[in-house]
Amino acid sequence: MTIDTNQLVKELLKGNRRAAARLMTLAESMSPEAHAAIKQLYPHTGSAHIIGVTGPPGSGKSTLVDKIIKEYRDQGKTVGVVAVDPSSPFTGGALLGDRIRMSRFSTDPGVFIRSMGSRGSLGGLAWATYDIVHILDALGKDIIIVETVGAGQAEVNIIQIAETIVLLSIPGLGDDIQTIKAGVMEIGDIFAINKADLDGADRRYAELEMALGLDRTSDGWEHPIIKVIATTGEGVEELVKAIQQHHEYLVTSGKIKQNQERRFCAQLETIVEHSFMRKLFVDPEERKLFQKLVQEVCERKTDPYTAAERLILQLIQPQDT
Ligand SMILES: Nc1nc2c(ncn2[C@@H]2O[C@H](COP(=O)(O)OP(=O)(O)OP(=O)(O)O)[C@@H](O)[C@H]2O)c(=O)[nH]1
Ligand SMILES: [Mg+2]
């Protein structure tokens with residue numbers, strides 16, 4: 001069956017959810033139709049505020065996202081959500097869990113939620129995430145939230161996607177502070193301490209404050225630390241206010257453009273890199289050449305650089321081997 005991407009994109013731009021879901025499925029399977037569709041819908045993107053919510057497995061990201069959606073809906077804004085790799089050992093295959101945690105919005109036409117399982121195929125997940133964000137953007141969502149597991153643990157690099165990043169931590173995760181010191185600071189625009197109903201939230205607050213140190217406002221943004229209880233919604237109003245203030249800061253400082261350039265540079269690199277890799281590993285002809293060259297390198301008939309040059313040339317200008 002042939003897929004009429006023109007028609008799907010047309011429907012999407014009219015706000016058709018089924019067309020959106022269909023396009024997302026194509027994007028997840030990295031089909032050429034999905035890429036054709038993205039080419040068409042791309043001029044209609046760029047107006048959403050893209051928010052990343054990231055943190056360790058089981059830290060309450062989905063529960064928090066549910067409350068953030070509610071806050072934006074109360075403001076009359078529409079929301080799209082992509083939950084990437086929701087497979088934590090805590091909640092065990094949380095695809096279902098996500099659905100339950102955010103299920104109250106399943107009949108709200110102003111909300112679109114998509115959960116993606118991890119597939120780990122040569123950067124495919126990162127790639128599909130870009131596409132799904134574009135699809136939600138073209139669908140007309142004002143706010144797009146991308147939920148991913150914490151920095152360094154995920155295949156999807158949230159800085160390549162989100163404009164505002166909320167970094168979640170919870171009380172009593174001792175090893176977590178190491179991650180914080182190791183540069184996670186540069187990732188978070190807003191620090192949320194979830195499960196503030198548990199012991200140790202104040203200590204976590206102090207630790208974060210210390211880790212943030214003097215650099216905290218060096219770029220003109222204060223990097224707020226906000227205690228929340230996702231299960232009850234406490235602190236979420238303040239958190240959403242901070243998210244909106246960060247967006248205003250990005251716009252007024254001109255950083256939004258600067259950051260966009262950095263993000264799209266990284267996205268383009270991913271797409272180019274993985275287009276090559278996919279061709280190399282998926283196309284049987286290229287694969288054959290690859291294996292032949294590996295042999296030749298082993299037998300010292302050629303060297304790795306010459307072999308690499310031949311592969312690159314073959315991918316650009318295929319010829320019979
Ligand atoms: N005590 C307490 N528990 C919470 C809070 N927020 C979330 N939880 C619980 O933490 C567990 C994990 O919540 P999720 O929202 O699924 O966490 P997650 O970070 O999305 O999990 P993964 O996507 O699987 O990594 C659930 O049992 C929640 O009910 C909170 O503020 N306080
Ligand atoms: Mg989750």
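Whatever order the structure lists ligands and atoms in, that order sets their numbers, starting from 1. Sequential numbering from 1 along the given sequence is applied to the chain's residues.
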| said: Can you confirm whether the side chains of Thr306 and Asp303 place a donor and an acceptor under 3.5 Å from each other? | reply: yes
| field | Atoms of ligand 1, numbered as shown, that sit under 4.0 Å from any heavy atom of Ser62 | value | 15 (O), 18 (P), 20 (O)
| task | Please write out which residues are connected to Val297 in a hydrophobic cluster, directly or through intermediates, given that two of Ile, Leu, Val, Met, Phe, Trp, Tyr count as joined at side-chain heavy-atom separations below 4.5 angstrom. | result | none
| Nitrogen or oxygen atoms of Ala230 and ligand 1 under 3.5 Å apart | yes
| said: Going by the closest heavy atom to atom 32 (N) of ligand 1, which one wins out of Thr63, Asp197, Val149? | reply: Asp197
| Do NZ/NE/NH1/NH2 and the carboxylate oxygens of Lys257 and Glu261 come within less than 4.0 Å? | no
| query | Think Lys227 forms a cation-pi with Tyr205, using NZ or CZ under 6.0 Å from the six-ring centre and within 45 degrees of its axis? | reply | yes
| task | Measuring from the Mg ion (ligand 2), name the closest N, O or S atom belonging to Glu147. | result | OE2
| said: Looking only at distances, can you tell me whether any N or O atom of Gly58, backbone or side chain, sits closer than 3.5 Å to an N or O atom of ligand 1? | reply: yes
| query | With a 4.0 Å cut-off on heavy atoms, does Glu147 reach ligand 1? | reply | yes
| task | Please find out if the Mg ion (ligand 2) and some N, O or S atom of Thr63 are separated by less than 2.8 Å. | result | no
| field | No-hydrogen, no-angle side-chain donor-acceptor test under 3.5 Å, His134 and Thr45 | value | no
| Hey, does Gln75 have a side-chain heavy atom less than 4.5 Å from the side chain of Val240? | yes
| query | For ligand 1, which part of Asn194 has a heavy atom less than 4.0 Å away: the side chain, the backbone, both, or neither? | reply | side chain
| query | Heavy atom under 4.0 Å from ligand 1: found in Thr231's side chain, backbone, both, or neither? | reply | both
| Does the side chain of Thr164 come under 3.5 Å of the side chain of Asp189 through a donor N or O and an acceptor N or O? | no
